[in-house]
Amino acid sequence: ELVEDVDDISIHESPYSTVLVDGQPLISEDYHAVNPSRADRYRIRALASIPLIAEEDVIGALNIISFRENRFSADEKAALVTIGKELGSAIMRAKTGAALRESEGRYRSLIETTGTGFVILDGEGQVLDANPEYVRLTGRTSLEEIRGKSVIVWTAEHDAERNARAIRECRATGQIRNFEVDYADPAGRIIPVEINATVTSEEGSIRIITLCRDISARRQAEQALQESQRLYGTLADAAQDLIYIVGKDDTVLYLNAYAAKMMGHDRQALIGRPRAELFPGPAGERQAVNLEKVFREGVPLRVESRIPMPSDITWQDTNLIPLRDPSGTVTAILGISRDITGLKQVEEALRTSETQYRSIIDNVQDMLYRTDEEGKILMISPAGARKAGYDSPEEMIGLDLADTLYADPRERKKFLATLAKKGSVHEYPLVLRDRSGRQFHVVASSHFYRDAEGRIRGVEGIVHDVT
């Protein structure tokens, strides 16, 4: 009943504020003088209310009531004040401990859900506590198998000294971050782990709070990537194309052995150098424009251009391919350039030959012609078109030769039969007609022309007017 009565009091009311706000003890040897109604109702004769103090803050009050007259000596009053301080500190430590245990439980639960190993070590690297995941990382089955033992016990032999050194460094600097080390289970199976640790002090003792993560999958992925890079590097070096990577800062990030050879330098001497330094002048400026376009638009670009090399001026057929980071941003450009100088020379020679051939055809006064297998005109010289009564050769392309030029189309079959028998004819007499029907006498020298596989594709020849 008394507890219920005092439950709703305000700590700011006198005399309670003396204890709960000001932190001063209230000792009344005559409680009737302080609160007559409560003294009479509960027959309280004396009261001692002592503030509970923790770290100079009032956290409550210890109240002692007496149902008989009581006198407190000075020593007793001092003892009560001391008890209040000690009790306040004890209560606060108990609350703090409970809060820490609750917090630790929450964080342990969180750590468990992430599949992360958690271990507490002493200053010498010996296990004080650990979660099941850490026990698994050591290759053991229970905490008791590792408690009190040094982590060096399950560190792989090749990493034992390095791990011992890391523990000393952690103790000296207060932390260690992203430290990778190999553990080994009792059967010798290697388990790579990544460690992040922080040093704390608990009641004067060093504690190393450590999080450990199994990085087996990452290590395998890194090894696979290294093998892939080695393989593709080998393929790139075997290629007879120039293969290179240019960064966004316009420096050379990579080039294959063939590219280095064509540049006339050691590969390592070229990597990291500005591209513009390697290709000065107009050619380098054209390169810069093309690279900037790929960086800006993010789509591949193919160009043919003349590129000066130490040995000579070359023609290069170049594909520029954007390389992106995980966010999709273009960070570099892969270039693959094939030397097409020989092809360009052949094309130029072919153009020269075609020009000369066309000049001959355009100026010859005889009829030069070519048909396909069905006798359709594929080519005829300007003089031949005029002789047939047409304004240009283009008007005759696709027309049937027998129906268009032969006075008697049946003669065409005889002509082809002779051609098939002999393989070619020389000054074969024919009667042709022009567009208006006018007939004229000619002699034809012709042969079958064939494709690369030797198959007959048509007839070509020259027709001379002998009218």
Side-chain angles (χ1 to χ4, degrees), residues 54-57 89-223 226:
E55 297 182 356
E56 300 183 359
D57 291 329
S89 296
I91 291 173
M92 184 56 69
R93 283 197 301 272
K95 286 186 174 181
T96 301
L100 285 174
R101 287 190 294 274
E102 181 182 356
S103 175
E104 181 183 343
R106 288 198 301 268
Y107 282 113
R108 273 183 173 254
S109 297
L110 179 61
I111 291 170
E112 296 292 353
T113 61
T114 64
T116 301
F118 173 76
V119 61
I120 300 176
L121 309 176
D122 64 14
E124 302 302 318
Q126 295 177 334
V127 174
L128 300 175
D129 192 14
N131 70 344
E133 173 60 14
Y134 183 80
V135 174
R136 184 193 71 80
L137 291 176
T138 69
R140 276 67 178 178
T141 57
S142 69
L143 176 59
E144 297 310 314
E145 292 182 76
I146 64 172
R147 195 195 300 272
K149 295 181 179 179
S150 170
V151 295
I152 304 303
V153 172
W154 44 86
T155 300
E157 184 177 354
H158 61 267
D159 268 349
E161 177 53 36
R162 195 167 67 91
N163 199 16
R165 188 166 59 250
I167 294 172
R168 293 193 295 270
E169 291 176 359
C170 181
R171 193 169 55 216
T173 61
Q175 67 176 24
I176 191 168
R177 294 290 180 265
N178 303 322
F179 176 68
E180 295 185 12
V181 66
D182 287 346
Y183 281 177
D185 65 13
R189 183 175 65 91
I190 298 298
I191 305 172
V193 297
E194 180 185 78
I195 294 174
N196 288 277
T198 301
V199 176
T200 65
S201 179
E202 184 177 321
E203 298 179 352
S205 299
I206 291 178
R207 296 289 184 268
I208 304 177
I209 310 302
T210 309
L211 297 179
C212 301
R213 189 159 56 91
D214 186 343
I215 58 172
S216 298
R218 190 178 81 191
R219 183 73 60 82
Q220 291 170 357
E222 289 172 349
Q223 291 172 348
Q226 291 172 356

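Computed from a predicted structure; not experimentally measured. Heads up: numbering here begins at 1 and tracks the sequence.
Without hydrogens or angle criteria, R207 side chain to S201 main chain gives no donor-acceptor distance under 3.5 Å. Using modelled atom types, one side-chain atom of N131 and one backbone atom of T116 make a donor-acceptor pair closer than 3.5 Å.
For E157, the salt bridge (Lys or Arg N to Asp or Glu O under 4.0 Å) criterion is met by no residue, not counting sequence neighbours. Considering only residues two or more places apart in sequence or on other chains, S150 meets the side chain to side chain donor-acceptor pair (under 3.5 Å) condition with none of them. Applying the side chain to side chain donor-acceptor pair (under 3.5 Å) criterion to D182, with sequence neighbours excluded, gives H158, R219. Evaluation of the salt bridge (Lys or Arg N to Asp or Glu O under 4.0 Å) rule for R136 yields E133, D214 as partners, not counting sequence neighbours. A search for side-chain contact (heavy atoms from CB on, under 4.5 Å) contacts involving E161 returns R165, R168, not counting sequence neighbours. Scanning for side-chain contact (heavy atoms from CB on, under 4.5 Å) contacts around T141 gives E145, with sequence neighbours left out. Contacts of R140 classified as side chain to side chain donor-acceptor pair (under 3.5 Å), with partners at least two apart in sequence or in another chain: none. A search for side chain to side chain donor-acceptor pair (under 3.5 Å) contacts involving D159 returns R162, not counting sequence neighbours. Listed by chain and residue number, C170, I206, I208 satisfy the side-chain contact (heavy atoms from CB on, under 4.5 Å) test with V199 (two or more places apart in sequence, or in another chain).
Identified under the side-chain hydrogen bond (donor to acceptor under 3.5 Å, both in side chains) test for residues 185-198, with sequence neighbours left out: R177-T198, D185-R189, E194-R213, E194-R218.
Considering I120, L143, V193, V151 as possible partners of Y134, the one that fulfils the side chain to side chain contact (heavy atoms under 4.5 Å, CB included) test is V151.
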